[in-house]
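Here's the structure we're looking at; comments come further down.
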Amino acid sequence: MPLNQPQLDTLRALLDRLIPEDEFPGALAAGTDKFIIKLLTHDCAAEAPKIAQSLTQLDAEAIACHDHPFVTLPIAAQDTLISALEHNRTATVWPVTFPAGVFINRLIDLAAEGFYADPQNGGNRDGTSWRMIGYDPLLPARPSAP
Amino acid sequence: MSSVTSNYDVIIVGAGLGGGIVAGVLAEAGQRVLLLERGRDLRYRDIPSDHLRHHRLSLYGDNTTHAPDGHPRVFVDPQGRSRTVFPHEADYHNNALTVGGGSRIWGMQAWRFHPDDFRMATRYGRPPGSSLADWPISYADLAPFYERAEHEIGVAGDHTATDYAPRDRAFPLPPVPATPTGTWLARGAATLGWNAFTPPLAVNTKPYLGRDGCVQCRQCIGFACPSDARNGSHNTLLPRALATGGCTLITRAQVARILTDASGRAHGVEYFAPTTPDSDQTERRTAHAATIILAGGAIETARLLLLSASAQHPRGLGNHSDHVGRHLQGHYYPVVSGLLPVGFQNPNLGPGVSIATTQFNHGNPGIIGGAMLANDFVKLPIIFWRSHLPPDLPRWGQANKKAMRELYLRGIDLRGPVQEIPSPDSRVTLDPHVRDHFGLPVARLSGTTHPETVRTAEFIRARAEDWLRAAGAERVWSSPMDLRLSASQHQAGTARLAADPREGVTDPFGRVHGHDNLWITDGSLHVTNGGFNPALTIMALAFRAATKIAAKF
Ligand SMILES: Cc1cc2nc3c(=O)[nH]c(=O)nc-3n(C[C@H](O)[C@H](O)[C@H](O)COP(=O)(O)OP(=O)(O)OC[C@H]3O[C@@H](n4cnc5c(N)ncnc54)[C@H](O)[C@@H]3O)c2cc1C
Ligand code: SF4
């Protein structure tokens with residue numbers, strides 16, 4: 001497991017804002033968190049430590065700015081914090097090798113990759129995002145290709 | 001490691017597009033052919049439908065490469081920093097390492113080059129610092145072989161519309177069906193007074209050569225075709241070669257070196273292959289033949305010529321005048337995105353490419369060359385998210401999700417393969433440090449295209465914007481082009497044709513100067529790469545070379 005429990009909780013809270021639920025399910029209901037964990041365990045294992053560390057840093061940032069860890073912040077404050085990270089406007093010191101903006105953009109990418117990719121990747125359960133936007137690969141049930 | 005030796009009439013390195021074609025022609029001419037391919041022979045079910053790991057978006061891998069860690073390359077950026085890269089990374093400049101090569105998963109656009117694409121230096125002059133040159137052959141030399149490729153591979157098109165390149169015979173298959181967005185774009189082109197027509201695609205628009213027609217799925221380019229309607233070498237000339245009984249295909253076989261004697265004659269190859277087809281153990285083998293043909297794609301063929309240096313040829317085979325690996329080129333691809341008017345939804349019928357113009361291939365004032373412009377394949381949702389949402393939209397949150405919902409079926413984009421102005425400094429060399437799985441020095445890619453290419457690309461980008469606006473797109477946007485190395489899926493130029501051995505690597509048929517029985521039949525031969533997707537030209541050259549080789553027997 002590339003993340004500890006607090007980091008995992010922060011990741012989930014973050015995903016819930018990056019792709020929130022509306023009339024359609026959001027990232028969490030679609031399993032996008034599991035997609036990211038799987039990726040950080042396998043293809044992107046080398047990247048996992050800095051993502052983990054940044055999730056901890058995000059909590060420190062939330063406490064510095066709003067006196068609460070990220071998970072318990074009201075959503076408006078969470079969104080303000082995410083926007084600030086995008087612009088590298090931070091109250092705490094983030095590593096120069098992996099600044100806040102790079103971290104949050106990476107998470108934004110990962111969330112979308114899981115949510116909009118094929119269901120077999122694990123982050124788009126039952127093709128929920130595809131139904132939402134009107135995509136179906138229309139692959140024949142019995143392909144005639146050898 | 002044991003050593004096995006065997007004898008054939010012909011050895012072909014690479015069972016990709018060009019290699020598969022010469023294998024078919026020569027095996028049917030009665031030759032005993034050994035076809036060596038470093039990838040695997042993949043069935044439909046072996047090529048995953050993974051939207052993050054395929055040949056248009058290969059974020060964490062792709063869907064054809066076997067043992068990706070075994071085939072690194074080194075990429076040198078314009079600032080001179082080098083790093084090791086793997087097949088799924090953009091800087092690797094991959095095609096596909098599999099039987100069929102790129103044609104196993106390609107987009108099937110099957111264009112003849114424009115007659116002036118063969119005489120770029122004459123038409124435009126050679127810009128200082130570039131290696132722009134004429135081909136030693138003309139369109140007319142290649143026309144019969146274009147025709148053969150269209151019929152034997154299977155190309156669907158409208159022969160009444162492609163008069164930029166004169167033809168004697170109609171396409172064997174009717175063009176892909178019109179799409180609502182294609183019709184909308186055609187009206188836009190008409191208001192501008194531009195030509196626009198259904199582009200030629202190597203797809204079975206109806207059953208052809210024993211295989212099914214396209215079922216218009218929405219997962220086309222970069223994937224295997226569920227109805228085997230995507231025509232490549234793997235399902236046409238290669239099976240024909242194997243059916244003769246005279247062609248031996250060995251997969252997961254990496255050729256390490258071409259063996260030459262003191263006179264320069266190539267007499268065999270050294271290669272690594274699994275001890276048995278399914279084994280992970282490899283052995284080093286030697287095979288001999290009267291004719292050796294290289295078809296590893298523009299980057300690997302150059303690498304192999306360099307790897308085969310000998311006492312007589314210390315700079316590599318065919319490299320007497322220092323052209324091997326140089327002039328590496330592909331296509332700059334300006335992409336212009338837009339939104340269809342409110343209420344107009346794209347039904348996204350596969351393959352998706354349904355309209356093109358050749359209005360700007362040549363004759364653009366103050367510009368060298370140009371490009372064909374066409375609409376694109378059905379977009380996967382994740383590709384739309386990454387590259388085709390309006391740039392001022394938030395990248396996350398409710399607003400982004402809502403935009404995906406409202407705009408996905410309204411997305412439209414145009415793109416075109418810009419004819420590059422080659423540079424001798426855009427090149428493949430051998431890396432002095434990094435080695436592949438077999439201990440062989442890997443390809444090192446460095447340099448950039450010539451800056452004139454950027455100017456042409458910017459001109460084409462502006463025309464694509466004009467087209468979308470004239471059609472009535474609600475919004476239109478695109479990004480400026482920058483100077484960089486370009487090779488990738490359309491890689492070409494690294495062993496170019498030249499009548500004069502001082503000007504290139506092979507003679508006008510593809511025979512390596514100074515090595516009478518060593519041939520090349522892949523994208524390396526292209527002197528320039530046309531303002532069109534290159535594969536039909538690779539096929540035509542392969543048919544032409546194979547016919548020449550067969551005539552000698
Ligand atoms: C996703 C995608 C879409 C494309 N769409 C289009 C399109 O619409 N229209 C178009 O014209 N072109 C398209 N292309 C490009 C087209 O596929 C290539 O131009 C074409 O395949 C190149 O042919 P080639 O013979 O030069 O090399 P390839 O087809 O790449 O074949 C080279 C083969 O040699 C093998 N090989 C290399 N080195 C060795 C070695 N040392 N030993 C053994 N084997 C070796 C490789 O594994 C490979 O199989 C597309 C490519 C891709 C990837
Ligand atoms: S759109 Fe047609 S040619 Fe393309 S993969 Fe689907 S069925 Fe095959």
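Chain letters run A, B, ... following the sequence lines, proteins first, then strands; residues in each count from 1.
- Considering only residues two or more places apart in sequence or on other chains, A/Gln78 meets the side chain to side chain contact (heavy atoms under 4.5 Å, CB included) condition with A/Ala13, A/Arg17, A/Phe70, A/Leu73, A/Ile75.
- Taking the centre and axis of the six-membered ring of B/Trp106, the NZ or CZ atom of B/Arg104 falls outside the cone set by 45° and 6.0 Å.
- Considering only heavy-atom pairs separated by less than 4.5 Å from chain B, the leading option among A/Cys44, A/Pro20, A/Gly26, A/Ser83 is A/Pro20.
- Interface remark: A/Ser129 contributes no atoms to any contact with chain B (heavy atom separation under 4.5 Å).
- Interface residue A/Glu113: backbone and side-chain heavy atoms are both found under 4.5 Å from chain B.
- Take A/Asp22 and apply the side chain to side chain contact (heavy atoms under 4.5 Å, CB included) test, not counting sequence neighbours, and it matches A/Phe24, B/Gln398, B/Lys401, B/Arg405.
- Atom CZ of B/Arg45 has 12 or fewer heavy atoms from other residues, nucleotides or ligands within 6.0 Å.
- Proximity to chain A is limited to the side chain of B/Arg53, based on heavy atoms less than 4.5 angstrom apart.
- Note on A/Asp118, A/Leu138, A/Ile82: by heavy-atom pairs under 4.5 Å with chain B, the leading option is A/Asp118.
- Contact annotation for A/Asp136: both backbone and side-chain heavy atoms come within less than 4.5 Å of a heavy atom of chain B.
- Between chain B and the options A/Gly134, A/Pro146, A/Pro140, A/Ala117, the largest number of non-hydrogen pairs under 4.5 Å is found for A/Pro146.
- Taking the side chain as every heavy atom from C-beta outward, A/Ile37 and A/Pro2 approach each other to under 4.5 Å.
- Residues of residues 380-391 of chain B having a heavy atom under 4.5 Å from any heavy atom of chain A, listed by number: B/Leu380, B/Pro381, B/Ile382, B/Trp385, B/Arg386.
- Residue contact with chain B, scored on non-hydrogen atoms closer than 4.5 Å, involves the side chain of A/Asn121 exclusively.
- You'll find the side chain of A/Phe35 reaches within 4.5 Å of the side chain of B/Leu52, heavy atoms only.
- The shortest side-chain heavy-atom distance between A/Leu18 and B/Asn400 does not fall under the 4.5 Å cut-off.
- Scanning both residues, B/Ala15 and B/Leu249, for their nearest heavy atoms gives CB-CD1, 4.1 Å.
- Inter-residue side-chain proximity for A/Leu55 and A/Asp59 is flagged as unmet; no heavy-atom pair is nearer than 4.5 Å.
- No side-chain donor-acceptor contact under 3.5 Å links B/Ser82 to the backbone of B/Phe75.
- At a heavy-atom cut-off of under 4.5 Å, chain A is reached by B/Asp212, B/Val215, B/Gln216, B/Cys217, B/Arg218, B/Gln219, B/Cys225, B/Pro226, B/Ser227 from residues 209-227 of chain B, listed in order of number.
- Using a 4.5 Å cut-off between heavy atoms, B/Tyr408 contacts chain A through its side chain alone, with no backbone atom that close.
- Both the backbone and the side chain of A/Asn105 come within less than 4.5 Å of a heavy atom in chain B.
- Residue contact with chain B, scored on non-hydrogen atoms closer than 4.5 Å, involves the side chain of A/Glu23 exclusively.
- By the 4.0 Å N-to-carboxylate-O rule, A/Asp109 lies close enough to B/Arg395 to be salt-bridged with it.
- In this structure, no portion of A/Ile104 lies under 4.5 Å from any heavy atom of chain B.
- Ranked by heavy-atom pairs under 4.5 Å with chain B, the first of A/Ala27, A/Ala145, A/Pro143 is A/Ala145.
- A side chain to side chain donor-acceptor pair (under 3.5 Å) with B/Thr64 is found for exactly one of B/His54, B/His55, B/Arg40, namely B/His55.
- With B/Val203 as the partner, the side-chain contact (heavy atoms from CB on, under 4.5 Å) test is satisfied by one option alone out of B/Val176, B/Val155, B/Leu173: B/Val176.
- Contact annotation: the side chain of B/Asn204 never approaches that of B/Arg230 to less than 4.5 Å [non-hydrogen atoms, C-beta and beyond].
- Taking A/Leu139, A/Ile133, A/Leu39 one by one and counting their heavy-atom pairs under 4.5 Å with chain B, the maximum is reached by A/Ile133.
- Just one residue in the list A/Arg12, A/Lys38, A/Arg125 forms a salt bridge (charged side-chain N to carboxylate O under 4.0 Å, His left out) with A/Asp33, and that residue is A/Arg12.
- In this structure the side chain of B/Leu97 reaches within 4.5 angstrom of the side chain of B/His71, judged on heavy atoms.
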